[in-house]
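Numbering starts at 1 and runs along the sequence shown. Only heavy atoms go into these numbers, but all of them, side chains included; no hydrogens, no water, no symmetry mates. Since this is a predicted model, take the numbers as computed values, not measurements.
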Amino acid sequence: MEKNYVGCERNITLIMDFYELTMAYNYFKLGKQDEIVYFDMFYRKNPDQGGFVIFAGLQQLIEAIENMHFTDGDIEYLRSLNVFDEDFFAYLKDFHFTGTIFSVREGTPVFPYEPLITVKAKLIEAQLIETFLLVTINHQSLIATKARRIVQEAKGRAVMEFGARRAQGYDGAHYGARAAYIGGVAGSATVSAGKDFGIPVLGTMAHSFVQSFDSEYEAFKAYAQIYPDNCVLLVDTYDTLKSGVPHAIRVAEEVLAPMGKRLKGIRLDSGDIAYLTKKARMMLDVAGLHDCKITVSNSLDEYLIRSVLEQGAQIDSFGVGENMIVSKSSPVFGGVYKLAAIEKDGEIIPKIKISENTEKITNPGFKKVYRLIEKETHKAIADIIAFHDEVLDENQDLTIYHQLDAWKHKTLYAGTYEIQPLQTLVFENGKNVYPYYSLDEIRAYSNQQKQLLWDEIFRLEYPHLYYVDLTQKLLDYKLKMLAKGKKGH
């Protein structure tokens with residue numbers, strides 16, 4: 001149970017598609033509710049035609065699963081639908097998750113088709129967590145990835161997340177700020193994110209503040225008198241170069257200097273950013289304000305940031321809003337949750353989804369994912385998906401095969417690579433066993449993991465295609481199942 005942002009208690013268990021309940025009821029009536037199944041959560045395409053995704057949202061998913069239960073109010077609502085019987089309601093009243101979950105560690109760069117989360121659980125339990133698992137991971141992974149793209153194009157300049165008012169709802173703003181911080185932003189304007197996650201909160205004034213005074217100079221003077229140690233002035237309310245910057249310089253000289261203080265910065269939120277920042281920098285430098293920083297905002301994204309910097313814009317930091325908080329250029333992250341195996345009499349039986357769309361064919365079975373690291377460069381070569389009981393030996397040659405085109409393969413030679421498991425145990429028999437990591441620890445881990453990947457993967461255009469392949473054993477089994485499926489079995 002958690003509180004939403006208007007002070008009401010909210011249980012998120014019913015954030016599910018109705019078919020999860022209709023399927024669960026069917027399983028229940030057939031006595032299948034305790035059958036053990038395996039589901040994989042993965043995605044098929046990187047956002048923005050990019051080369052990677054930053055996996056995020058795991059901590060919120062853990063909290064959701066730990067708190068998953070059906071309240072009396074939930075059951076009363078479901079009863080009103082006249083679809084289910086009282087035996088099913090009795091089952092739901094005592095419901096809690098008892099399964100096992102493996103997951104990639106939060107903050108890890110990941111790639112299409114590899115299992116990010118694997119759920120081993122009773123059939124109904126695995127089914128009922130589908131939607132809030134997907135909405136949690138899909139949203140935060142999308143925003144963390146967008147933030148990473150934007151931050152990398154800022155070339156070491158601080159990026160601040162300014163998007164709450166354009167976010168898609170309270171959660172979009174709150175958890176979007178969290179994800180953006182994992183992706184590398186320096187701070188957020190969203191106060192709730194500062195309170196709950198320890199993200200640095202940032203912000204100074206809006207144009208309305210300037211407009212509320214008789215003159216721009218009076219507004220700047222009032223702000224400087226209240227915040228002499230952190231005075232950043234918004235200079236584009238009327239005319240940036242003829243009014244805003246000159247008034248900021250005047251306040252620096254007439255108000256701050258007598259107090260022994262310096263003007264910390266100016267911000268521009270409109271106009272030709274490249275031109276205006278170059279002119280503003282010259283004016284500030286002539287006035288001796290070499291240490292005064294210039295911040296810009298105004299519908300920025302990774303492409304515009306790259307462009308203005310290439311034009312010689314004089315910018316020290318960026319504020320990015322709507323294009324980050326909703327990943328405007330690629331607003332949907334297509335993570336899916338698919339059945340991979342069922343367990344009968346202790347035997348794991350792989351399952352496969354077959355489609356005429358090759359990219360929608362799933363990889364069967366209970367699987368594990370490994371990252372292969374080249375010893376010489378200490379860079380990742382590929383990720384490889386294997387059956388859970390396969391043993392990979394670093395001291396043997398290893399041939400990996402493309403998931404969609406079996407004729408594409410690559411051989412890694414013994415002793416030249418090392419193997420790192422990509423997933424870790426999160427829930428074991430319903431108990432959370434995953435260590436708690438602070439947001440700063442997740443962010444630092446994400447930065448460290450990025451160093452394992454070649455820079456070419458992070459190009460905005462035509463990024464290097466990272467290998468995510470299958471072992472020979474898994475590939476052979478998949479092809480066998482596909483051949484059998486074509487015969488109508």
Under 3.5 Å, is there a donor-acceptor pair between the side chain of E441 and the main chain of S438?
yes
From OG1 (T100) to CZ (F97), nearest 0.5 Å
7.0 Å
Relative to the ring of F28, is the ring of Y25 parallel (under 30°), tilted (30 to 60°) or perpendicular (over 60°)?
parallel
Walk me through it: do H174 and F197 pass the test ring-ring contact (aromatic ring centres under 6.0 Å, His included)?
CA-CA 10 Å; H174 187 68; F197 306 126; 4.8 Å; yes
State plainly whether the residues R149 and D48 are in salt-bridge range, i.e. N to O under 4.0 Å.
yes
Distance check, rounded to the nearest 0.5 Å: L133 atom CG versus I101 atom CD1?
7.0 Å
Is any NZ, NE, NH1 or NH2 atom of the basic residue among K29 and D85 found under 4.0 Å from an Asp or Glu carboxylate oxygen of the other?
yes
Looking at I352 and L482, what are the two nearest heavy atoms and their distance?
CD1-CD2, 3.9 Å
Under a 3.5 Å threshold, yes or no: a donor from one side chain and an acceptor from the other, between E161 and S188?
yes
Would a distance-only check, ignoring hydrogens and angles, find a side-chain to backbone donor-acceptor pair under 3.5 Å from S80 to Y77?
yes
Between Y466 and D383, does any side-chain donor sit less than 3.5 Å from a side-chain acceptor?
yes
Heavy atoms of D40 and A340 approach each other most closely as OD2-CB, 3.5 Å
Check K328 with D301, please: is the shortest side-chain N to carboxylate O separation under 4.0 Å?
no
For the residue pair S329 and Y303, confirm or rule out a side-chain donor-acceptor distance under 3.5 Å.
no
So does K410 pair up with D469, basic N to acidic O under 4.0 Å?
no
Counting only N and O atoms by type, is there a donor-acceptor contact under 3.5 Å from the side chain of T13 to the main-chain atoms of H69?
yes
Side-chain donor or acceptor of T190 paired with backbone N/O of S192 under 3.5 Å
no
May I ask you to decide if T98's main-chain N or O and E125's side chain share a donor-acceptor pair within less than 3.5 Å?
yes
Pair Q59-Y436, side chain to side chain donor-acceptor pair (under 3.5 Å): steps then yes or no
CA-CA 8 Å; Q59 190 61 50; Y436 173 79; over 6 Å; no
Q423 to V104 - nearest heavy-atom pair and separation:
CG-N, 4.0 Å
Min side-chain heavy-atom separation K379-L452 under 4.5 Å
no
Working for side chain to side chain contact (heavy atoms under 4.5 Å, CB included), residues V110 and F52
CA-CA 6 Å; V110 294; F52 70 100; over 6 Å; no
Give a yes or no on whether a salt bridge exists between K93 and D72, defined as a side-chain N under 4.0 angstrom from a carboxylate O.
yes
Check whether the ring centres of F209 and Y223 lie less than 6.0 Å apart, and answer yes or no.
yes
Under-4.0 Å salt bridge between E359 and R44:
no
Quick one, K146 with E302, criterion salt bridge (Lys or Arg N to Asp or Glu O under 4.0 Å). Give me CA distance, side-chain angles, the key distance, then yes/no.
CA-CA 9 Å; K146 188 65 169 180; E302 61 267 48; 3.0 Å; yes
What do the steps show when you test I65 against F427 for side chain to side chain contact (heavy atoms under 4.5 Å, CB included), and what is the final call?
CA-CA 9 Å; I65 292 175; F427 280 91; 3.7 Å; yes
OH on Y38 to CD1 on I36, rounded to 0.5 Å
7.5 Å
Would you say the side-chain atoms of N26 pair up with the backbone N or O of M23, donor to acceptor, closer than 3.5 Å?
no
Measuring from atom CD1 of I373 to atom CG of L412, what distance do you get when rounded to the nearest 0.5 angstrom?
11.0 Å
Do T145 side-chain atoms and S141 backbone N/O form a donor-acceptor pair below 3.5 Å?
yes
Does E114 use its side chain to pair, donor to acceptor, with the backbone of F111 at less than 3.5 Å?
yes
For residues Y181 and D440, determine if any side-chain heavy atom of one lies less than 4.5 Å from a side-chain heavy atom of the other.
yes
Return the minimal non-hydrogen interatomic distance between K351 and T362, and the atom names on each side.
O-OG1, 4.5 Å
With a cut-off of 6.0 Å (strictly less than), are more than 12 heavy atoms of other residues, nucleotides or ligands near NZ of K195?
no
Under a plain distance cut-off of 3.5 Å, with no hydrogens placed, do D236 and S270 share a side-chain donor-acceptor pair?
yes
Evaluate whether atom NZ of K450 has more than 12 neighbouring non-hydrogen atoms of other residues, nucleotides or ligands under 6.0 angstrom away.
yes
Output, in order, the C-alpha distance, side-chain angles, deciding distance and verdict of side chain to side chain contact (heavy atoms under 4.5 Å, CB included) for N363 and L470.
CA-CA 9 Å; N363 291 316; L470 310 179; 3.8 Å; yes
Proximity of H464 and F458 rings by center, below 6.0 Å:
no
pair L268-I294: side-chain heavy atoms closer than 4.5 Å
yes
Verify the distance criterion only: is there a donor paired with an acceptor across the side chains of R443 and Y437 at less than 3.5 Å?
no
Has the side chain of T22 got a donor or acceptor atom that lies under 3.5 Å from a matching backbone atom of Y19?
yes
Going by distance alone, is a donor N or O of one side chain under 3.5 Å from an acceptor N or O of the other, for Q211 and S208?
no
Heavy atoms of Y417 and L398 approach each other most closely as OH-CB, 3.4 Å
Could you report the tightest heavy-atom contact between I182 and I54, atom names first, then the distance?
CG2-CG2, 4.1 Å
Which distance, rounded to the nearest 0.5 Å, do you find between the CZ of F55 and the CD1 of I442?
10.5 Å
Stepwise side chain to side chain contact (heavy atoms under 4.5 Å, CB included) test for Y337 and I129
CA-CA 10 Å; Y337 185 74; I129 67 172; 3.8 Å; yes
Could you tell me whether R79 and E76 have a side-chain N and a carboxylate O separated by less than 4.0 Å?
yes
Between the side chains of N138 and Y43, is a donor N or O closer than 3.5 angstrom to an acceptor N or O?
no
Run the ring-centre check on F387 versus Y477 and record whether the distance is less than 6.0 Å.
yes
For S297 and R267, test the side chains for any donor-to-acceptor distance below 3.5 angstrom and give the result as yes or no.
yes
Check ion pair R178-E106 (N to O, under 4.0 angstrom)
yes
Answer yes if the side chains of T136 and Q140 hold a donor-acceptor pair under 3.5 Å, and no otherwise.
no
Answer yes or no for R105 and Y445: cation-pi contact, defined as NZ/CZ to six-membered ring centre under 6.0 Å and angle to ring axis within 45°.
yes
Taking NZ, NE, NH1 and NH2 as the nitrogens, is one of them in E390 or K473 under 4.0 Å from a carboxylate oxygen of the other?
no
Do D34 and K122 sit within salt-bridge range, that is, some charged N less than 4.0 Å from a carboxylate O?
yes
Are the side chain of T471 and the backbone of A386 linked by a donor-acceptor contact shorter than 3.5 Å?
no
Between R459 and E456, does at least one N-O distance fall below 4.0 Å, as a salt bridge requires?
no
To the nearest 0.5 Å, what is the distance between CD1 (I457) and CG (L465)?
9.0 Å
